[in-house]
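The block underneath contains the structure these notes are about, expressed in structure tokens.
One-based numbering along the sequence shown.
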Amino acid sequence: MELLMVAACVQGGLVYAAYRLADSGRVPLNMGTLVAVALLVRLPFVFASPLLSDDIHRYLFDGRVQQAGESPYAFSPKAYPTTDPIVSDLAAKVNHPGLVTLYPPGAQLFFRLAAPFGLIGMKGLLVTADMVGVGLLLFFLTRQGLPGSRAVLYAWNPLVIWEIAWSGHIDALALPFLLGAGMWATGTGRRQVALAGGLFALAFWVKLMPVIFIPFFLFAARRRVGWFVAGGAVASMFLVVPYLPHSGNAFKTLWLYGSTWEFSGFLFCLFRDLTGMNLAARLATAVLFCCGAGGVLYRQWRTGLSLFECLGWAASFWLLTTPTLHPWYGLYLALFLPLMGGAARDIIAPYLLTLTPLLGYGVLTNFLARGVWDEGVWIPFWIFFIPVCAWVVGWHRATGEKSKSKPPAAR
């Protein structure tokens, strides 16, 4: 694991260096080269067995269950009656086999369609969705008049490559829908905004995490918010209705996850250790996130901050405050990072926040060797401390430059 962490640091540094060189114009970066390198660095991981996360075995199990004509929400893997050796083998590989799946209907539809292709085939489809996201990023950057080279912050990011091509996380399918929703949400036509609502609903029903972005999309739609909601409602109906029987079982797992799960959440650990109360610590971090997101929403209203910049900041606050910080949650920030604008120094802190969650995999060192799951105190601390320090330094420099730029009479 130590070697993987070193590799992530080296690759992360090289990606940022490539971004700076291309952004300054010193080393032009052709878009064809950007896409070709992004694809080439993903391919070896598609054929590699997942090491850092085994969630894809749950995806394959849910898909196989649906292929057999059963609801994925009816049974947990441990309780599922089957004589199929493939399904039995998958059930044995699923983590927390006693819990019913919590993946929403959009993800389940993908699992059903992709399961016959096996583990490598499913990862290949997710990488295809990931590359569609890269293409959309390049298109939207060009349309916004921003350098396409900014896309390297996502396309070559080690977190993105590991979590999608290697581990095969379903978030890869949600990202292009979410990006497309952001592209259309600020449109002036009713059809555009309705389409944005439909795309957002698809992203939400693939992975529930985009729920934190709803206020920003509703505000961006402004007077056409009704069309955004209508588009989302129509898409939701087609996805959710077929899975309604037994789907209520997923809420039990979701509640258990939201009320008891924890991983790499520094602020949550800090509050819990200070108060000795799990629920109070969760409420405190939730309030902190709402305050941060509320401040961003206020800036969106007062200063016309772009939707993608708001989404990037909201994703940042989420990563800093969530009690459960799985590394792949950083994919959403990585997606919005190239579109957040600003100078290179404004990007460094959120870029670091897409990398530091990978430190959480340090817990696997003892787990794989001795079966002990203990993340300790320092892993959550460094995940939080490194990007926050970068933000503080960047803010201090920006404040100092503003002060120097003022005429003497205004100081």
Side-chain angles (χ1 to χ4, degrees), residues 5 8-9 11-13 15-17 19-20 23-24 146 150 152-154 157-160 209 212-213 215-216 264-271 284-300 302-360 377-405:
M5 297 303 103
C9 291
Q11 184 180 345
V15 170
Y16 186 73
Y19 158 69
R20 289 296 301 268
D23 192 59
S24 65
L146 296 170
R150 285 175 174 257
V152 299
L153 295 171
Y154 173 85
N157 193 311
L159 174 110
V160 177
M209 186 173 168
I212 65 175
F213 303 127
F216 305 100
S264 295
F266 173 71
L267 288 179
F268 166 75
C269 292
L270 180 64
F271 290 146
T285 53
V287 169
L288 279 178
F289 169 73
C290 290
C291 290
V296 176
L297 191 64
Y298 177 77
R299 286 194 63 193
Q300 186 182 15
R302 294 290 296 177
T303 66
L305 198 66
S306 74
L307 173 60
F308 284 114
E309 192 157 0
C310 292
L311 298 178
W313 283 111
S316 299
F317 287 127
W318 170 256
L319 295 176
L320 292 173
T321 58
T322 178
T324 307
L325 177 51
H326 291 307
W328 53 92
Y329 290 178
L331 290 171
Y332 298 88
L333 175 56
L335 177 72
F336 301 135
L337 192 58
L339 297 165
M340 289 177 68
R345 69 185 178 198
D346 300 327
I347 296 295
I348 183 63
Y351 177 67
L352 287 172
L353 190 52
T354 67
L355 299 178
T356 55
L358 290 172
L359 295 174
V377 176
W378 289 107
I379 288 178
F381 172 77
W382 289 116
I383 291 173
F384 178 89
F385 183 74
I386 293 172
V388 168
C389 278
W391 260 309
V392 172
V393 171
W395 175 80
H396 179 72
R397 287 181 178 177
T399 304
E401 290 180 3
K402 286 182 181 180
S403 177
K404 290 179 181 179
S405 64

If you measure from [atom1] on [X] to [atom2] on [Y], what distance do you get to the nearest 0.5 Å?
| X | Y | atom1 | atom2 | value |
| --- | --- | --- | --- | --- |
| C9 | L355 | SG | CG | 7.5 Å |
| L319 | L353 | CG | CG | 4.5 Å |
| T321 | F271 | OG1 | CZ | 10.0 Å |

Least distance between heavy atoms, [X] atom then [Y] atom:
| X | Y | value |
| --- | --- | --- |
| F216 | A314 | CE1-CB, 3.6 Å |
| Q11 | N157 | NE2-C, 4.3 Å |
| M340 | F308 | CG-O, 4.1 Å |
| T285 | P323 | OG1-CG, 4.0 Å |
| M5 | L359 | SD-CA, 3.8 Å |
| I379 | S264 | CG2-OG, 4.3 Å |

[X] vs [Y] side-chain heavy atoms within contact, under 4.5 Å:
| X | Y | answer |
| --- | --- | --- |
| L297 | Q300 | yes |
| F266 | I383 | no |
| F384 | L325 | no |
| P350 | T354 | no |

Next on the checklist: Which residues pass the side-chain hydrogen bond (donor to acceptor under 3.5 Å, both in side chains) test with T324, not counting sequence neighbours?
Outcome noted: none

Checklist entry - Do L320 and W391 pass the side-chain contact (heavy atoms from CB on, under 4.5 Å) test, and can you show the C-alpha distance, the side-chain angles, and the key distance before you say yes or no? => result CA-CA 12 Å; L320 292 173; W391 260 309; 3.8 Å; yes

Next on the checklist: For the backbone of W318 and the side chain of T322, can you confirm whether one donor and one acceptor N or O come within less than 3.5 Å of each other?
Outcome noted: no

Hey, can you pull the donor-acceptor pairs under 3.5 Å for the side chains in residues 328-339, sequence neighbours left out?
residue : atom : partner : partner atom : Å
Y329    : OH   : Y257    : OH           : 2.2
Y332    : OH   : D171    : OD2          : 2.7

